[in-house]
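Just so you know, these numbers use all the heavy atoms, side chains as well, and skip hydrogens, waters and symmetry mates.
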Amino acid sequence: MSAVATHCPYCALQCGMSLRGSDVQPRQFPTNAGGLCQKGWTSGSLLNSPARLTTPLVRVDGELVPSSWDDALGLIARKLTQLRETSGADSVAVFGGGGLTNEKSYLLGKFARVALGTSQIDYNGRFCMSSAAAAGNRAFGLDRGMPFPVTDLAEADVVLLIGANPAETMPPFVQHLRGGELIVVDPRRTPTAELAGLHLAPAPGTDLALALGILHAVVADGHLDQSYVDSRTSGFEDMWRVVARWWPERAERVTGVSAADQRRVAARLAAARNAYILTARGTEQHARGADMVTAWINVALAVGLPGRKGSGFGCITGQGNGQGGREHGQKADQLPGYRKIDDPAAREHVAGVWGVPADSLPGPGRSAYELLDALGTEGGPQALMIFGSNLVVSAPRAAHIADRLAALDLLVVADLVLSETAALADVVLPVTQWAEEDGTMTNLEGRVLLRKRAVTPPEGVRTDLDVIAGLAKLLGQPDGRFPTDAETVFTELREASRGGLADYSGVSYERLRAGEALYWPVPDVEHPGTPRMFLDRFAHADGLARFVAVDHSGPAERTDDEFPLQATTGRVLQHYQSGAQTRLVDELARAVPEVFVEVHPDTAARAGLSEGDWALVKSRRGETRARVRAVASMRPDVVFLPFHFPGAQRANLVTNPALDPISRMPEFKVCAVSLSRDEEDPA
């Protein structure tokens with residue numbers, strides 16, 4: 001058996017690997033340079049996992065029992081048809097995922113709008129990259145998480161990393177940060193912060209105030225790149241009217257970060273020959289996340305970084321196809337090519353590709369949390385189809401979302417294992433996983449990658465494309481409108497994206513098979529791609545980047561005597577997202593078998609807790625049980641919970657669903673909690 005060159009199934013770094021059967025070997029690829037993390041090394045074990053689903057399951061008398069594909073799909077089609085006839089098209093909803101290939105993302109959006117006619121579609125990337133996308137679109141006119149190759153970072157004199165912990169979440173990324181000085185902004189002393197020359201630890205939810213203080217120092221201390229501001233930006237004066245009030249000493253009182261360190265960051269960014277500012281979930285998953293990212297973009301613009309070769313601003317995409325997944329139609333307000341669904345020209349173009357009237361396409365729907373919150377309510381969807389998401393673990397206010405799923409007339413989940421969400425479904429459809437199918441992914445740099453089929457899927461398993469096409473036909477769609485071949489779907493995606501901001505029309509499987517490095521936009525087959533964006537102009541009509549005036553307001557939820565601590569959530573090295581897959585890998589599960597809460601030893605002692613005790617972490621929405629880890633570097637007012645674990649150990653039982661007004665991102669990263677001894681045995 002020959003080895004097949006492919007890419008890791010997990011994060012957006014999309015490390016290169018070779019697969020022979022279930023045996024994984026790293027290969028040389030720019031993002032990982034021959035390295036893999038523990039998750040990547042063990043990814044092949046899921047290909048032979050006894051936990052794999054291989055037959056459809058249908059709920060009968062309260063139990064999930066095996067079914068044939070014809071019976072399962074027929075049941076779904078009948079119930080969807082009945083609901084649409086009695087309650088309208090929006091009584092049916094679709095929820096996707098940032099791990100789906102570009103082909104699946106595209107076809108799922110088409111299925112929702114054409115076969116179902118529903119506006120009610122969104123995806124879990126709304127919980128991941130939406131604030132960064134909103135800020136990027138507002139400032140630059142276009143969102144591509146990192147508008148430059150990750151290998152460019154190695155030439156930087158300074159990298160300022162805000163709210164990111166790649167040493168645990170994507171370890172091969174760290175090698176790109178070793179060229180110059182690393183400055184890390186994070187409330188925790190993470191493994192990434194341990195690598196930094198300077199670590200700033202603001203109180204959770206105060207990143208915007210910190211950015212304002214640093215930006216004030218840039219201007220007041222004479223570091224403003226005036227020629228860049230004059231020639232490549234607009235809006236500086238309006239922005240400065242807010243920032244002028246945020247001298248570093250004021251920001252220090254809010255954030256806890258010394259004014260001296262704020263000035264030090266401003267000076268080092270300005271003095272660097274090449275510098276980058278990178279943000280990630282820690283500064284984005286807030287009820288003001290779009291403004292937080294905008295504030296850091298303002299800092300980058302003030303010192304002249306974006307659109308300059310060797311320097312720049314970027315956001316580190318998390319999920320495997322978090323970039324491509326938000327470009328081609330899974331989001332409630334978008335059509336393929338990053339087009340807006342309420343743009344008449346966009347509707348005409350995409351409808352023409354799909355062969356339907358433009359006025360038949362629905363308008364914008366609810367965002368992810370709003371969609372989930374409306375399930376089973378009057379006027380809300382009564383049926384939900386989920387592809388690639390484990391919402392019972394990953395959604396904020398998770399117990400409430402489980403209740404909403406239970407209120408549905410029909411819940412359908414397509415997955416490769418019986419996740420916690422699939423276990424609640426009325427119908428479960430077993431689908432292929434990464435190595436068992438062809439498809440493209442778009443990594444954190446905007447590079448389109450071909451992930452080739454390397455192994456034969458188990459008998460009884462179908463691709464998501466087969467599932468979508470099969471249901472579309474049963475719902476009355478003509479033959480051929482929903483192809484099942486990945487390359488055929490991608491060819492259609494190319495046409496649908498043509499002329500859009502995320503233009504893939506010049507990308508082809510042939511070019512990808514030949515090894516071309518194609519970063520979108522690629523507007524024709526002769527175009528070499530765009531590895532570095534904005535070098536000549538930004539994507540706004542006038543070619544200028546926008547300073548945007550934003551101000552600090554703090555977390556949506558304040559601490560008080562009942563809930564005196566702030567909880568923040570994140571990931572650990574061994575697990576990924578909801579853990580539905582990594583918890584099935586013995587090596588990873590043994591390393592981190594259960595949830596834990598990191599807490600300062602003094603804070604633990606005040607709660608009557610010691611290392612290894614079981615604690616109860618309680619918020620205004622619920623409570624979770626976690627094993628105490630006493631960590632001396634923790635802020636005394638902060639606790640940390642990883643969110644990979646199910647049941648009573650779900651971190652998202654306590655998180656706050658307060659939404660960003662622009663991106664509709666929930667505030668995962670800070671909520672008020674109390675800490676006490678857990679008197680029950682969590683087992």
Side-chain angles (χ1 to χ4, degrees), residues 53 56-59 64 67 69 71-84 87-101 103-126 325 329-332 362 365-368 371-372 374-376 380-392 394-395 401-402 404-416 418-432 462-477 482 484 580:
L53 296 171
L57 302 174
V58 172
R59 192 168 297 279
L64 287 171
S67 170
W69 272 101
D71 287 348
L73 294 180
L75 171 64
I76 296 168
R78 286 193 301 275
K79 289 200 171 186
L80 294 180
T81 300
Q82 291 167 3
L83 280 170
R84 292 168 66 221
S87 304
D90 280 356
S91 65
V92 176
V94 177
F95 202 94
L100 301 180
T101 63
E103 293 79 1
K104 295 178 188 179
S105 300
Y106 168 79
L107 208 66
L108 194 60
K110 179 182 177 182
F111 173 76
R113 277 123 186 172
V114 175
L116 295 175
T118 183
S119 67
Q120 301 300 293
I121 176 172
D122 213 86
Y123 83 127
N124 65 13
R126 180 77 66 175
Q330 288 190 91
K331 285 184 75 175
R366 295 177 174 94
S367 71
L371 172 59
L372 299 176
L375 296 176
Q382 305 304 311
L384 178 66
M385 301 184 64
I386 300 175
F387 292 78
S389 292
N390 187 13
L391 297 169
V392 171
S394 64
I401 297 306
R404 300 276 31 93
L405 294 174
L408 290 167
D409 292 338
L410 177 67
L411 175 61
V412 179
V413 175
D415 210 330
L416 58 110
L418 194 68
S419 69
E420 287 74 22
T421 305
L424 301 180
D426 299 295
V427 183
V428 182
L429 302 175
V431 292
T432 49
R462 297 188 181 182
T463 70
D464 296 85
L465 300 181
D466 286 324
V467 171
I468 293 168
L471 282 171
K473 186 173 182 179
L474 290 173
L475 292 169
Q477 293 296 306
F482 288 85
T484 60

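The shortest distance between side-chain heavy atoms of L375 and L405 falls below 4.5 Å. Counting heavy atoms from C-beta on, the side chains of I468 and F387 come closer than 4.5 Å. Counting heavy atoms from C-beta on, the side chains of M385 and L80 come closer than 4.5 Å. Between L75 and D71 the shortest side-chain heavy-atom distance does not fall below 4.5 Å. Counting only heavy atoms from C-beta outward, the side chains of L371 and P381 approach each other to under 4.5 Å. Contact annotation: the side chain of K104 approaches that of L465 to within less than 4.5 Å [non-hydrogen atoms, C-beta and beyond]. A 4.5 Å side-chain heavy-atom check between F482 and L471 finds every atom pair outside the cut-off.
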Test side chain to side chain contact (heavy atoms under 4.5 Å, CB included) on L429 and L73 and set out the steps.
-> CA-CA 9 Å; L429 302 175; L73 294 180; 4.2 Å; yes
Exercise for review: Any chance you could lay out the side chain to side chain contact (heavy atoms under 4.5 Å, CB included) test for D426 and K79, step after step, and finish with the verdict?
Suggested key: CA-CA 11 Å; D426 299 295; K79 289 200 171 186; 5.6 Å; no
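Side-chain N or O atoms of T421 include one that pairs as donor or acceptor with a backbone N or O of L391 at under 3.5 Å. A donor-acceptor contact shorter than 3.5 Å links the side chain of R59 to the backbone of A425. R84 places a side-chain N or O within 3.5 Å of a backbone atom of L116 that can act as its donor or acceptor partner. Not a single donor-acceptor pair under 3.5 Å links the side chain of S119 to the backbone N or O of P362. The closest donor-acceptor contact from the side chain of D409 to the backbone of A383 lies at 3.5 Å or more, if one exists at all.
Residues Q330 and G96 approach most closely at OE1-CA, 3.1 Å, considering heavy atoms. For A112 against V94, the heavy-atom pair with the smallest separation is CB-CG2, 4.1 Å. Minimum interatomic distance between I121 and G329 (heavy atoms only, all atoms of both residues): CD1-O, 4.1 Å. Of all heavy-atom pairs between G117 and D90, the closest is O-OD1, 4.4 Å. Contact record, T484 with A469: CG2-CB, 3.5 Å, taken as the closest heavy-atom pair.
Atoms CD and CG, on Q82 and L410 in that order, are 10.0 Å from each other to the nearest 0.5 Å. Taking CD of Q120 as the reference point, atom CZ of R113 lies at 10.5 Å (rounded to 0.5 Å). Atom CG of L475 and atom OG1 of T81 lie 5.0 Å apart (nearest 0.5 Å). Separation of atoms CD1 (I386) and CG (N124) is listed at 10.0 Å; rounding is to 0.5 Å. The distance from atom CG of L424 to atom CD of E420, rounded to the nearest 0.5 Å, is 9.0 Å.
Using modelled atom types, one finds no donor on one side chain facing an acceptor on the other under 3.5 Å when comparing D122 with S367.
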